[in-house]
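This report concerns only the one structure given below.
Every heavy atom of this structure was used, including side-chain atoms; hydrogens, water molecules and symmetry mates were not. Here is how names work: the chains are called A, B, and so on, in the same order as the sequence lines, proteins then strands, and each is numbered from 1. Everything numeric here is computed off the predicted structure, so don't read it as measured data.
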Protein chains: 2
Amino acid sequence: MELFGMPGHLIRRMQQHSAQVFKSKCQAAGFDLTSVQFAALDALFHNPGIDQARLAEIIAYDRATIGGVVERLERKGLVRRDVSKTDRRARVLAMTPEGADLYARMRPVVEALQADILEQLSEDERQTFLSLSRKALGGANL
Amino acid sequence: MELFGMPGHLIRRMQQHSAQVFKSKCQAAGFDLTSVQFAALDALFHNPGIDQARLAEIIAYDRATIGGVVERLERKGLVRRDVSKTDRRARVLAMTPEGADLYARMRPVVEALQADILEQLSEDERQTFLSLSRKALGGANL
DNA sequence: GTCATAAAATATGCATACATATCAAATGAC
DNA sequence: GTCATTTGATATGTATGCATATTTTATGAC
(Lines give C-alpha, C1' and ligand atoms only; values in the text may rest on other atoms or scores of the structure.)
Protein backbone atom coordinates (compact mmCIF):
# COMPACT_ATOMS: atom_id res chain seq x y z
CA MET A 1 0.00 0.00 0.00
CA GLU A 2 1.27 3.40 -0.98
CA LEU A 3 1.65 6.22 1.55
CA PHE A 4 -0.97 8.30 -0.24
CA GLY A 5 -3.36 5.39 -0.25
CA MET A 6 -3.35 5.37 3.53
CA PRO A 7 -6.20 7.23 5.21
CA GLY A 8 -3.97 7.96 8.18
CA HIS A 9 -1.42 9.79 6.09
CA LEU A 10 -3.97 11.70 4.02
CA ILE A 11 -5.84 12.77 7.11
CA ARG A 12 -2.66 14.06 8.72
CA ARG A 13 -1.87 15.99 5.56
CA MET A 14 -5.36 17.44 5.52
CA GLN A 15 -4.98 18.60 9.11
CA GLN A 16 -1.62 20.11 8.30
CA HIS A 17 -3.10 21.91 5.29
CA SER A 18 -6.12 23.09 7.27
CA ALA A 19 -3.97 24.50 10.07
CA GLN A 20 -1.79 26.24 7.52
CA VAL A 21 -4.77 27.92 5.83
CA PHE A 22 -6.18 29.00 9.18
CA LYS A 23 -2.92 30.50 10.27
CA SER A 24 -2.07 32.36 7.09
CA LYS A 25 -5.57 33.75 6.54
CA CYS A 26 -5.86 34.90 10.14
CA GLN A 27 -2.43 36.44 10.19
CA ALA A 28 -3.20 38.19 6.91
CA ALA A 29 -6.25 39.69 8.61
CA GLY A 30 -4.07 40.76 11.53
CA PHE A 31 -5.22 38.20 14.10
CA ASP A 32 -2.87 36.29 16.33
CA LEU A 33 -4.94 33.38 17.64
CA THR A 34 -4.37 29.71 16.93
CA SER A 35 -7.26 27.62 15.62
CA VAL A 36 -7.50 25.92 18.98
CA GLN A 37 -7.77 29.23 20.79
CA PHE A 38 -10.44 30.42 18.39
CA ALA A 39 -12.38 27.16 18.82
CA ALA A 40 -12.29 27.72 22.57
CA LEU A 41 -13.66 31.25 22.19
CA ASP A 42 -16.34 29.94 19.84
CA ALA A 43 -17.41 27.27 22.30
CA LEU A 44 -17.45 29.84 25.06
CA PHE A 45 -19.57 32.15 22.96
CA HIS A 46 -22.16 29.45 22.40
CA ASN A 47 -21.94 28.07 25.93
CA PRO A 48 -21.35 30.92 28.35
CA GLY A 49 -20.46 30.08 31.92
CA ILE A 50 -19.10 26.58 31.36
CA ASP A 51 -16.07 25.22 33.17
CA GLN A 52 -12.92 23.81 31.59
CA ALA A 53 -14.07 20.21 31.69
CA ARG A 54 -17.21 21.12 29.73
CA LEU A 55 -15.18 23.17 27.29
CA ALA A 56 -12.85 20.24 26.72
CA GLU A 57 -15.85 18.00 26.01
CA ILE A 58 -17.42 20.39 23.52
CA ILE A 59 -14.40 20.94 21.35
CA ALA A 60 -13.06 17.44 21.97
CA TYR A 61 -9.86 18.23 23.74
CA ASP A 62 -7.95 16.59 26.46
CA ARG A 63 -8.61 18.23 29.81
CA ALA A 64 -4.90 18.59 30.37
CA THR A 65 -4.48 20.42 27.06
CA ILE A 66 -7.38 22.81 27.67
CA GLY A 67 -5.66 24.10 30.79
CA GLY A 68 -2.83 25.57 28.77
CA VAL A 69 -5.12 26.90 26.04
CA VAL A 70 -7.30 28.73 28.55
CA GLU A 71 -4.25 30.01 30.38
CA ARG A 72 -2.95 31.59 27.19
CA LEU A 73 -6.35 33.10 26.45
CA GLU A 74 -6.42 34.48 29.97
CA ARG A 75 -2.94 35.91 29.60
CA LYS A 76 -4.12 37.68 26.45
CA GLY A 77 -7.01 39.13 28.40
CA LEU A 78 -9.66 37.41 26.30
CA VAL A 79 -11.08 35.12 28.96
CA ARG A 80 -11.63 35.18 32.71
CA ARG A 81 -11.46 32.19 35.04
CA ASP A 82 -13.45 32.39 38.25
CA VAL A 83 -13.86 29.80 40.93
CA SER A 84 -17.37 28.38 40.65
CA LYS A 85 -19.76 29.35 43.42
CA THR A 86 -21.34 25.89 43.41
CA ASP A 87 -18.20 23.78 43.00
CA ARG A 88 -14.95 25.10 44.36
CA ARG A 89 -12.95 22.69 42.19
CA ALA A 90 -14.33 24.14 38.97
CA ARG A 91 -13.25 27.32 37.20
CA VAL A 92 -16.10 29.05 35.43
CA LEU A 93 -15.04 30.60 32.13
CA ALA A 94 -16.27 33.89 30.72
CA MET A 95 -15.23 35.97 27.76
CA THR A 96 -13.99 39.44 28.57
CA PRO A 97 -15.27 42.37 26.48
CA GLU A 98 -11.94 42.19 24.62
CA GLY A 99 -12.51 38.50 23.97
CA ALA A 100 -16.05 39.07 22.73
CA ASP A 101 -14.84 41.85 20.48
CA LEU A 102 -12.02 39.81 19.02
CA TYR A 103 -14.33 36.86 18.50
CA ALA A 104 -16.85 39.03 16.65
CA ARG A 105 -14.15 40.41 14.39
CA MET A 106 -12.51 37.05 13.73
CA ARG A 107 -15.65 35.07 13.13
CA PRO A 108 -16.37 36.21 9.56
CA VAL A 109 -12.73 35.69 8.64
CA VAL A 110 -12.72 32.19 10.07
CA GLU A 111 -15.99 31.32 8.37
CA ALA A 112 -14.68 32.56 5.06
CA LEU A 113 -11.47 30.62 5.36
CA GLN A 114 -13.33 27.34 5.83
CA ALA A 115 -14.07 27.29 2.11
CA ASP A 116 -10.42 27.94 1.34
CA ILE A 117 -9.43 24.77 3.14
CA LEU A 118 -11.34 22.76 0.55
CA GLU A 119 -10.65 25.22 -2.24
CA GLN A 120 -9.77 22.49 -4.72
CA LEU A 121 -13.19 20.87 -4.36
CA SER A 122 -16.44 21.87 -5.99
CA GLU A 123 -19.34 22.81 -3.73
CA ASP A 124 -20.83 19.35 -4.19
CA GLU A 125 -17.58 17.62 -3.42
CA ARG A 126 -17.11 19.80 -0.37
CA GLN A 127 -20.47 18.74 1.02
CA THR A 128 -19.68 15.11 0.27
CA PHE A 129 -16.36 15.40 2.03
CA LEU A 130 -17.96 16.95 5.08
CA SER A 131 -20.72 14.41 5.36
CA LEU A 132 -18.34 11.50 4.91
CA SER A 133 -16.17 13.00 7.65
CA ARG A 134 -19.13 13.30 9.98
CA LYS A 135 -20.14 9.76 9.16
CA ALA A 136 -16.62 8.44 9.71
CA LEU A 137 -16.56 10.08 13.11
CA GLY A 138 -19.76 8.22 13.84
CA GLY A 139 -21.69 8.83 17.01
CA ALA A 140 -18.32 9.55 18.59
CA ASN A 141 -19.05 13.12 19.42
CA LEU A 142 -21.52 14.37 16.91
CA MET B 1 -22.03 28.35 11.03
CA GLU B 2 -21.99 25.43 13.40
CA LEU B 3 -18.74 23.94 14.69
CA PHE B 4 -19.42 20.63 12.97
CA GLY B 5 -20.13 22.40 9.72
CA MET B 6 -16.59 23.73 9.69
CA PRO B 7 -14.10 21.75 7.64
CA GLY B 8 -11.32 22.83 9.97
CA HIS B 9 -12.98 21.34 13.00
CA LEU B 10 -14.00 18.11 11.28
CA ILE B 11 -10.55 17.62 9.87
CA ARG B 12 -8.99 18.06 13.29
CA ARG B 13 -11.42 15.53 14.73
CA MET B 14 -10.58 13.11 11.94
CA GLN B 15 -6.89 13.45 12.67
CA GLN B 16 -7.55 12.92 16.36
CA HIS B 17 -9.60 9.83 15.60
CA SER B 18 -7.02 8.50 13.16
CA ALA B 19 -4.18 8.91 15.66
CA GLN B 20 -6.25 7.18 18.32
CA VAL B 21 -6.95 4.17 16.10
CA PHE B 22 -3.30 3.92 15.13
CA LYS B 23 -2.16 4.04 18.70
CA SER B 24 -4.64 1.57 20.15
CA LYS B 25 -4.30 -0.98 17.35
CA CYS B 26 -0.53 -0.85 17.43
CA GLN B 27 -0.37 -1.08 21.19
CA ALA B 28 -2.79 -4.01 21.10
CA ALA B 29 -0.36 -5.72 18.73
CA GLY B 30 2.50 -4.96 21.12
CA PHE B 31 4.20 -2.20 19.15
CA ASP B 32 5.41 1.00 20.68
CA LEU B 33 5.92 3.36 17.74
CA THR B 34 4.00 6.53 17.02
CA SER B 35 2.43 6.98 13.60
CA VAL B 36 5.05 9.55 12.77
CA GLN B 37 7.85 7.18 13.65
CA PHE B 38 6.28 4.45 11.54
CA ALA B 39 5.85 6.85 8.62
CA ALA B 40 9.54 7.66 8.87
CA LEU B 41 10.48 3.97 8.79
CA ASP B 42 8.16 3.46 5.84
CA ALA B 43 9.72 6.32 3.90
CA LEU B 44 13.15 4.98 4.74
CA PHE B 45 12.17 1.52 3.53
CA HIS B 46 11.05 2.89 0.18
CA ASN B 47 13.89 5.39 -0.10
CA PRO B 48 17.01 3.90 1.40
CA GLY B 49 19.99 6.15 1.92
CA ILE B 50 18.17 9.48 2.03
CA ASP B 51 19.09 12.28 4.39
CA GLN B 52 16.81 14.01 6.90
CA ALA B 53 15.86 16.85 4.59
CA ARG B 54 14.65 14.35 1.96
CA LEU B 55 12.80 12.37 4.58
CA ALA B 56 11.05 15.50 5.77
CA GLU B 57 10.02 16.27 2.19
CA ILE B 58 8.63 12.80 1.54
CA ILE B 59 6.43 12.54 4.59
CA ALA B 60 5.74 16.28 4.64
CA TYR B 61 7.31 17.22 7.93
CA ASP B 62 9.09 20.23 9.15
CA ARG B 63 12.85 19.75 9.05
CA ALA B 64 13.08 20.79 12.68
CA THR B 65 10.51 18.18 13.69
CA ILE B 66 12.19 15.36 11.79
CA GLY B 67 15.36 15.84 13.82
CA GLY B 68 13.61 14.76 17.00
CA VAL B 69 11.74 11.92 15.32
CA VAL B 70 14.91 10.46 13.88
CA GLU B 71 16.73 10.94 17.16
CA ARG B 72 14.10 8.87 18.95
CA LEU B 73 14.28 6.18 16.26
CA GLU B 74 18.04 6.16 16.62
CA ARG B 75 17.77 5.89 20.40
CA LYS B 76 15.50 2.87 19.91
CA GLY B 77 18.14 1.31 17.69
CA LEU B 78 15.91 1.27 14.62
CA VAL B 79 17.81 3.74 12.48
CA ARG B 80 21.42 4.78 11.96
CA ARG B 81 22.63 8.26 11.08
CA ASP B 82 25.92 8.53 9.24
CA VAL B 83 27.66 11.60 7.93
CA SER B 84 27.29 11.62 4.16
CA LYS B 85 30.44 10.97 2.18
CA THR B 86 29.43 13.47 -0.48
CA ASP B 87 28.03 16.22 1.77
CA ARG B 88 29.48 16.57 5.21
CA ARG B 89 26.43 18.57 6.41
CA ALA B 90 24.02 15.75 5.61
CA ARG B 91 23.27 12.71 7.72
CA VAL B 92 22.47 9.65 5.65
CA LEU B 93 19.76 7.51 7.21
CA ALA B 94 19.65 3.73 7.18
CA MET B 95 17.42 1.23 8.91
CA THR B 96 19.19 -1.15 11.23
CA PRO B 97 18.31 -4.87 11.04
CA GLU B 98 16.13 -4.28 14.12
CA GLY B 99 14.39 -1.43 12.32
CA ALA B 100 13.80 -3.50 9.21
CA ASP B 101 12.46 -6.34 11.31
CA LEU B 102 10.10 -4.13 13.28
CA TYR B 103 8.92 -2.45 10.09
CA ALA B 104 8.17 -5.81 8.49
CA ARG B 105 6.19 -6.94 11.51
CA MET B 106 4.30 -3.67 11.90
CA ARG B 107 3.45 -3.14 8.27
CA PRO B 108 0.56 -5.61 8.01
CA VAL B 109 -0.89 -4.29 11.26
CA VAL B 110 -0.68 -0.70 10.07
CA GLU B 111 -2.19 -1.57 6.69
CA ALA B 112 -5.05 -3.39 8.36
CA LEU B 113 -5.77 -0.52 10.72
CA GLN B 114 -6.16 1.92 7.85
CA ALA B 115 -9.58 0.45 7.14
CA ASP B 116 -10.51 0.79 10.81
CA ILE B 117 -9.97 4.53 10.64
CA LEU B 118 -12.83 4.78 8.15
CA GLU B 119 -14.73 1.86 9.65
CA GLN B 120 -18.04 3.70 9.55
CA LEU B 121 -17.81 4.14 5.80
CA SER B 122 -18.63 1.65 3.07
CA GLU B 123 -15.86 0.67 0.67
CA ASP B 124 -17.25 3.08 -1.93
CA GLU B 125 -17.48 5.92 0.53
CA ARG B 126 -13.97 5.20 1.72
CA GLN B 127 -12.62 5.52 -1.81
CA THR B 128 -14.58 8.72 -2.32
CA PHE B 129 -13.23 10.15 0.90
CA LEU B 130 -9.67 9.30 -0.08
CA SER B 131 -9.92 10.75 -3.53
CA LEU B 132 -11.56 13.92 -2.30
CA SER B 133 -8.76 14.25 0.24
CA ARG B 134 -6.14 13.82 -2.44
CA LYS B 135 -7.92 16.34 -4.61
CA ALA B 136 -8.25 18.82 -1.74
CA LEU B 137 -4.52 18.57 -1.14
CA GLY B 138 -4.08 19.44 -4.78
CA GLY B 139 -0.70 19.41 -6.43
CA ALA B 140 0.65 20.40 -3.03
CA ASN B 141 2.66 17.25 -2.51
CA LEU B 142 0.94 14.51 -4.39
C1' DG C 1 -21.65 11.93 59.59
C1' DT C 2 -17.90 8.78 57.59
C1' DC C 3 -15.66 7.05 53.95
C1' DA C 4 -14.77 5.27 49.35
C1' DT C 5 -15.23 7.04 44.99
C1' DA C 6 -15.48 10.24 41.41
C1' DA C 7 -14.62 14.56 39.37
C1' DA C 8 -12.04 19.37 38.34
C1' DA C 9 -7.65 21.24 38.01
C1' DT C 10 -2.97 21.13 37.86
C1' DA C 11 1.67 19.12 37.23
C1' DT C 12 4.86 16.26 34.76
C1' DG C 13 6.72 14.00 30.92
C1' DC C 14 6.92 12.72 26.20
C1' DA C 15 6.00 13.52 21.24
C1' DT C 16 4.66 16.15 17.62
C1' DA C 17 4.58 20.72 14.87
C1' DC C 18 6.38 24.89 13.19
C1' DA C 19 8.86 29.54 13.07
C1' DT C 20 13.15 31.52 13.57
C1' DA C 21 18.04 31.75 14.38
C1' DT C 22 22.53 29.77 14.02
C1' DC C 23 26.38 27.06 12.34
C1' DA C 24 28.78 24.48 9.00
C1' DA C 25 29.34 23.15 4.47
C1' DA C 26 28.28 23.21 -0.47
C1' DT C 27 27.35 25.75 -4.72
C1' DG C 28 27.09 29.11 -8.21
C1' DA C 29 28.43 33.72 -10.08
C1' DC C 30 32.20 36.26 -11.16
C1' DG D 1 39.69 31.13 -6.19
C1' DT D 2 36.47 34.32 -3.63
C1' DC D 3 32.25 35.44 -1.93
C1' DA D 4 27.16 35.70 -1.65
C1' DT D 5 23.69 32.52 -1.42
C1' DT D 6 21.71 28.26 -0.42
C1' DT D 7 21.21 24.12 2.08
C1' DG D 8 21.50 20.37 6.04
C1' DA D 9 21.25 20.08 10.65
C1' DT D 10 20.65 21.73 15.22
C1' DA D 11 18.93 24.89 18.87
C1' DT D 12 15.32 27.63 20.89
C1' DG D 13 10.76 28.97 21.94
C1' DT D 14 5.80 28.46 21.69
C1' DA D 15 1.65 25.60 21.24
C1' DT D 16 -0.75 21.57 20.86
C1' DG D 17 -1.99 16.69 22.38
C1' DC D 18 -2.28 12.93 25.47
C1' DA D 19 -1.15 9.75 29.50
C1' DT D 20 -0.44 9.55 34.24
C1' DA D 21 -0.15 11.21 38.91
C1' DT D 22 -1.61 14.38 42.50
C1' DT D 23 -4.45 17.65 45.03
C1' DT D 24 -8.73 19.47 46.26
C1' DT D 25 -13.46 19.09 46.49
C1' DA D 26 -17.99 16.92 45.80
C1' DT D 27 -21.04 13.03 46.04
C1' DG D 28 -23.11 8.72 47.00
C1' DA D 29 -23.36 4.48 49.98
C1' DC D 30 -23.89 3.20 54.50
Side-chain angles (χ1 to χ4, degrees), chain A residues 8-9 11-24 26-27 32-40 49-76 78-79 81-93, chain B residues 8-9 11-24 26-27 32-40 49-76 78-79 81-93:
Chain A
H9 179 73
I11 290 169
R12 186 180 63 78
R13 293 298 313 279
M14 288 295 286
Q15 160 64 15
Q16 206 174 30
H17 171 66
S18 167
Q20 185 55 47
V21 170
F22 185 98
K23 187 175 202 175
S24 62
C26 283
Q27 282 184 352
D32 189 33
L33 278 197
T34 67
S35 57
V36 176
Q37 291 166 8
F38 178 80
I50 54 174
D51 60 23
Q52 292 186 187
R54 228 60 52 212
L55 175 59
E57 252 174 50
I58 293 169
I59 56 179
Y61 273 87
D62 195 88
R63 280 229 304 269
T65 302
I66 277 296
V69 174
V70 172
E71 193 194 314
R72 285 182 283 278
L73 287 172
E74 195 182 23
R75 212 185 301 145
K76 291 180 182 184
L78 304 173
V79 154
R81 262 196 294 200
D82 305 305
V83 173
S84 166
K85 286 184 178 64
T86 56
D87 185 340
R88 283 209 312 245
R89 294 167 305 179
R91 313 288 214 95
V92 173
L93 303 174
Chain B
H9 179 74
I11 290 170
R12 187 181 62 79
R13 293 297 315 278
M14 288 294 287
Q15 160 65 15
Q16 207 173 28
H17 170 68
S18 167
Q20 186 54 48
V21 170
F22 186 96
K23 188 174 200 175
S24 61
C26 282
Q27 282 183 351
D32 189 34
L33 278 197
T34 67
S35 58
V36 176
Q37 290 166 10
F38 179 81
I50 55 175
D51 59 26
Q52 292 186 189
R54 230 58 53 209
L55 175 60
E57 251 174 51
I58 292 169
I59 56 180
Y61 272 88
D62 195 90
R63 279 228 306 268
T65 301
I66 276 296
V69 174
V70 171
E71 194 194 313
R72 285 182 282 279
L73 287 172
E74 194 182 24
R75 213 186 298 144
K76 290 180 182 185
L78 304 173
V79 154
R81 261 199 292 201
D82 305 305
V83 173
S84 165
K85 286 184 177 65
T86 55
D87 185 339
R88 283 206 314 244
R89 294 168 307 179
R91 312 288 214 97
V92 173
L93 304 174

Please report the distance, rounded to the nearest Å, between CD1 in A/Ile11 and P in C/dT16.
18 Å
Proximal nucleotide (of D/dA19, D/dA9, D/dT25) relative to the B/Arg91 side chain:
D/dA9
Apply salt bridge (charged side-chain N to carboxylate O under 4.0 Å, His left out) to A/Arg88 and list each qualifying residue two or more places apart in sequence or on a separate chain.
none
Contact nearer the 5' end of DNA chain D, comparing B/Asp51 with A/Val69
B/Asp51
Please report the distance, rounded to the nearest Å, between CD in A/Glu74 and P in C/dT10.
9 Å
Below the 4.0 Å mark, does D/dG17 have OP1 or OP2 next to a side-chain nitrogen or oxygen of A/Tyr61?
yes
Testing D/dA9, C/dC18, C/dA15 for proximity to the side chain of B/Gln52, the answer is D/dA9
A/Asp32 atom CG is separated from D/dA15 atom P, nearest whole Å, by 9 Å
Can you measure A/Gln27 atom CD to D/dT14 atom P for me and round it to whole angstrom units?
16 Å
Under the salt bridge (charged side-chain N to carboxylate O under 4.0 Å, His left out) rule, collect the residues that match up with B/Arg63, sequence neighbours excluded.
none
Sorted by chain and number, sequence neighbours left out, side chain to side chain contact (heavy atoms under 4.5 Å, CB included) with B/Ser84 holds for B/Thr86, B/Asp87, B/Ala90, B/Val92
Quick one: is B/Gln15 getting a side-chain N or O under 4.0 Å of the D/dG17 phosphate, OP1 or OP2?
no
When you measure from the side-chain N and O atoms of B/Arg81 to the phosphate of D/dT10, is any distance below 4.0 Å, counting only OP1 and OP2?
yes
Give one of base, sugar-phosphate or nothing for A/Ala90, where a contact means two heavy atoms less than 4.0 Å apart.
sugar-phosphate
Is the distance from OP1 or OP2 of D/dT16 to the nearest side-chain N or O of B/Gln16 less than 4.0 Å?
no
At under 4.0 Å between heavy atoms, what does A/Thr65 touch on the DNA or RNA strands: base, sugar-phosphate, or nothing?
base
From CZ of A/Phe38 over to C1' of D/dA15, roughly how many Å is that when rounded to an integer?
18 Å
Please report the distance, rounded to the nearest Å, between NZ in A/Lys85 and P in D/dA26.
14 Å
Any residue meeting salt bridge (charged side-chain N to carboxylate O under 4.0 Å, His left out) with A/Asp62, in chain and number order, not counting sequence neighbours
none
For atom CG of B/Leu73 and atom C1' of C/dT16, their distance in whole Å
13 Å
Side-chain donor/acceptor of B/Lys76 to backbone N/O of B/Asp32, under 3.5 Å:
yes
DNA chain C: 5'-proximal contact among A/Val92 and A/Lys23 (nearest heavy atom)
A/Val92
Please tabulate, for side-chain N and O atoms in residues 65-72 of chain B, each donor-acceptor pair with protein atoms closer than 3.5 Å (sequence neighbours left out).
{"from": "B/Glu71", "atom 1": "OE2", "to": "B/Arg75", "atom 2": "NH2", "distance (Å)": "3.1"}

One pair to check against side-chain contact (heavy atoms from CB on, under 4.5 Å): A/Leu33 and A/Leu78. What are the steps and the verdict?
CA-CA 11 Å; A/Leu33 278 197; A/Leu78 304 173; 3.9 Å; yes
Send over the distance from B/Arg88 CZ to D/dT10 C1', rounded to a whole Å.
17 Å
Between protein and nucleotides 2-7 of chain D, what N or O pairs are separated by less than 3.5 Å?
{"from": "D/dT7", "atom 1": "O2", "to": "B/Arg89", "atom 2": "NH1", "distance (Å)": "2.2"}

Any donor-acceptor N or O pair under 3.5 Å, side chains B/Gln16, B/Arg13:
yes
Per B/Thr34 side chain, nearest of listed nucleotides C/dA9, C/dC18, C/dT16
C/dT16
Quick one: which of D/dC18, C/dT16, D/dG17 gets closest to the side chain of B/Val36?
C/dT16
Hey, does the side chain of A/Gln20 come within less than 4.0 Å of C/dC18's phosphate (OP1/OP2), counting only N and O?
no
